[in-house]
Amino acid sequence: MTLIATIMMITTLLSGVLILVSFWLPQMNPDTEKLSPYECGFDPTGSARLPFSLRFFLVAILFLLFDLEIALLLPLPWAYQLPNPLMTITWAATILILLTLGLVYEWLQGGLEWAE
């Protein structure tokens, strides 16, 4: 029990010290460039509140979906070490087939076309 109490005391003390140091170390000297919404060194030419194209969001969501596919398929090489790797390979093939069918459907519906 004393080990847990010691660990809790050390982590609380360390967290408190880090919080105090983070308040003292940074220099707060805001200027107009840092306070601007762009922070890239030039004055904005238009409004920052212009709406984005819906196609941009569609392509962004498709990118995230296929990026997630890579994360789901990452453990696939280790499936061969399992006693029954066929089930893992079947689920991976199911994921790939569903994503491919979704991509083909979006392509045929014209969702990936930038110009009308």
Side-chain angles (χ1 to χ4, degrees):
M1 186 66 183
T2 60
L3 179 64
I4 294 174
T6 306
I7 290 173
M8 292 295 287
M9 188 176 66
I10 289 173
T11 55
T12 304
L13 183 67
L14 185 62
S15 299
V17 168
L18 288 174
I19 289 171
L20 288 174
V21 167
S22 71
F23 280 120
W24 285 329
L25 278 183
Q27 297 176 358
M28 300 295 217
N29 298 328
D31 56 358
T32 57
E33 289 184 9
K34 283 189 177 181
L35 294 176
S36 71
Y38 293 102
E39 291 187 10
C40 58
F42 66 88
D43 294 328
T45 57
S47 173
R49 303 286 182 202
L50 293 176
F52 283 103
S53 171
L54 194 58
R55 294 185 188 275
F56 173 77
F57 287 115
L58 178 66
V59 171
I61 288 173
L62 285 174
F63 172 76
L64 288 175
L65 182 69
F66 283 101
D67 195 36
L68 180 65
E69 167 206 352
I70 293 171
L72 289 174
L73 296 178
L74 192 60
L76 189 60
W78 289 279
Y80 289 112
Q81 298 174 0
L82 295 175
N84 186 9
L86 187 61
M87 189 62 143
T88 306
I89 294 170
T90 304
W91 280 111
T94 304
I95 291 171
L96 284 174
I97 289 170
L98 283 174
L99 287 173
T100 304
L101 289 174
L103 179 65
V104 168
Y105 176 76
E106 285 292 327
W107 198 326
L108 292 177
Q109 292 296 318
L112 300 176
E113 298 294 326
W114 285 105
E116 299 275 336

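Numbers here simply count residues along the sequence, with the first being 1.
- Distance check: Thr90 OG1 to Leu86 CG gives 4.0 Å after rounding to the nearest 0.5 Å.
- Annotation for Thr100 and Leu96: closest pair OG1-O, 2.7 Å, computed over non-hydrogen atoms.
- For Val17, the side-chain contact (heavy atoms from CB on, under 4.5 Å) criterion is met by Val21, not counting sequence neighbours.
- Hydrophobic clustering (side-chain heavy atoms under 4.5 Å, transitive across Ile, Leu, Val, Met, Phe, Trp, Tyr) keeps Ile95 apart from Met87.
- Rounding to the nearest 0.5 Å places CD1 of Ile10 at 8.5 Å from CG of Leu13.
- Atoms CG and CG, on Leu103 and Leu98 in that order, are 12.5 Å from each other to the nearest 0.5 Å.
- Note that CD1 of Ile7 and OG1 of Thr12 are 11.5 Å apart. Values are rounded to the nearest 0.5 Å.
- The line from CG of Asp67 to CD1 of Ile61 is 13.5 Å long, rounded to the nearest 0.5 Å.
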